[in-house]
Amino acid sequence: MANKDRNKTILLELGKLPENNQCADCSAPDPDWASYKLGVFVCLNCSGVHRNLSNISRVKSIRLDFWDDELVKFMKTNGNATGRAIYEKAVPAFYYRPQQEDCAVLREQWIRAKYERMEFTGETNTLLWVSIPGFYEGMLWKKGKEKGQFQRRKFVLSEKEFTLAYYNKEDPSKGPKALISIKDVNVTFQPEKIGHAHGLQITYQKDSHTRSIFVYHESGEEIVNWFNAIRAARFAYLKTAYPTGSDKELRTRITRNYLKEGYMEKTGPMQKETFKKRWFILDSQDRKLLYFKRQLDAEELGVVFIGTETNGYSVSECIPKRTRGNRWRCGVTVDTPDRQFVFMCEQEREQREWVEALREVISKPMQPQDYTSKSHVTSIHTTGDS
């Protein structure tokens with residue numbers, strides 16, 4: 001007969017081992033659950049996905065549930081390292097491995113790809129969703145620029161041409177509405193901002209401006225396939241642009257989440273102008289603080305380049321002397337060599353988060369490509385908003 005306390009102690013000790021002390025699927029620390037069919041330790045959030053794969057995975061709490069001797073023995077002979085060797089044997093370099101802070105659809109589809117579809121065991125030469133290597137096409141719901149309604153549009157991704165195209169009509173003979181170079185593309189999941197669990201933001205450069213496309217697909221599997229297909233094309237481009245770069249170095253530049261987003265109020269260059277509520281995005285990789293009239297606008301109103309302290313950039317909390325028109329009282333001052341910017345946050349928590357995020361960017365050394373980026377931004381460019 002199984003000894004409940006002894007088996008619990010064994011499981012807790014197994015969970016503390018270096019190979020098991022992070023979730024097998026999202027790397028969350030100190031996982032309290034385990035799949036006794038797969039032999040891996042997982043966190044509470046990922047255990048919920050495993051419950052929906054009952055024909056493949058069965059989970060128990062290593063603290064609260066009863067474990068018999070045979071199941072404990074199975075966990076001892078397996079573990080997360082063994083699981084990775086089997087289910088992550090052939091993960092492509094471009095493929096995104098979700099972390100605990102990532103959205104639900106990314107984590108769910110990563111788990112399904114590993115254990116349900118067995119995409120990374122090395123038994124096939126290509127991923128199941130790649131019918132033609134270097135090429136991907138399909139229909140996505142895209143937000144319209146004028147009325148703001150989502151409409152079905154055909155998208156075509158070509159790794160050979162390093163382009164992403166979309167069409168207003170399903171007939172491609174009429175030509176694409178937009179042909180986007182993969183060179184400057186970023187893609188990130190934005191479910192809350194877009195208002196859909198599978199919402200994706202595609203950002204690119206056009207005429208010195210940052211343009212955004214907001215899309216979604218009803219299928220979680222399909223939208224994650226699009227996300228990773230774009231990452232694959234980006235990775236291929238980076239391998240061409242930086243032939244001496246290692247896969248590890250290039251992976252960090254494929255796509256990125258933005259460091260901080262949210263509403264702040266801003267005033268003009270004289271700091272006498274009326275404060276206006278704007279949506280801000282801090283892109284730490286490009287060292288840009290962009291702002292928009294609304295969070296789903298296709299194009300920014302302005303951008304502030306964020307350099308280093310040695311180059312004359314700093315950020316601090318403040319209480320502005322002039323607060324004409326503003327409703328919020330928690331100030332943030334950004335000093336650049338050309339100008340001082342004053343922003344207002346609604347809450348002190350948001351004020352601290354913005355200051356910490358901006359300081360993180362300022363503390364990073366400038367890279368050669370940052371000077372090119374800075375040359376395209378004269379601290380701020382505007383389209384009717386300063």
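If you read the sequence from its start, that first residue is 1, and numbering goes on from there.
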Report task. Could you tell me how the ring of His50 sits relative to the ring of Tyr115: parallel (under 30°), tilted (30 to 60°) or perpendicular (over 60°)? Result -> tilted
Query - Identified side-chain contact (heavy atoms from CB on, under 4.5 Å) counterpart of Tyr291 within the set Met264, Lys276, Lys266 - result: Lys266
Requested in this report: Would you please test Asp69 and Asn7 for side-chain hydrogen bond (donor to acceptor under 3.5 Å, both in side chains) and show each step?
Outcome: CA-CA 7 Å; Asp69 293 342; Asn7 284 349; 3.0 Å; yes
**Report entry** Lys/Arg-Asp/Glu bridge criterion (N-O < 4.0 Å) met for Arg97, Asp25
**Finding:** no
Report task. Search all heavy atoms of Glu346 against all heavy atoms of Cys330 and return the closest pair with its distance. Result -> O-SG, 4.2 Å
Requested in this report: Decide if atom CD of Gln340 counts as having more than 12 heavy atoms of other residues, nucleotides or ligands within a radius under 6.0 Å.
Outcome: yes
**Report entry** Among Trp141, Phe214, Tyr216, the one residue meeting ring pair (Phe, Tyr, Trp, His ring centres under 6.0 Å) with Phe150
**Finding:** Tyr216
Query raised in the report: So does Glu261 have more than 12 non-hydrogen atoms from other groups sitting under 6.0 Å from CD?
Result: yes
Query raised in the report: Hey, is NZ on Lys293 packed in by over 12 heavy atoms from elsewhere, all under 6.0 Å?
Result: no
Query raised in the report: Ignoring hydrogens and geometry, is there a side-chain-to-backbone donor-acceptor pair from Asn311 to Gly307 under 3.5 Å?
Result: no
Requested in this report: Check step by step if salt bridge (charged side-chain N to carboxylate O under 4.0 Å, His left out) holds for Arg278 and Glu265.
Outcome: CA-CA 6 Å; Arg278 296 291 183 250; Glu265 292 180 332; over 6 Å; no
Query raised in the report: Judged by atom type as modelled, is there a donor-acceptor pair below 3.5 Å linking the side chain of Asp335 to the main-chain atoms of Ser314?
Result: no
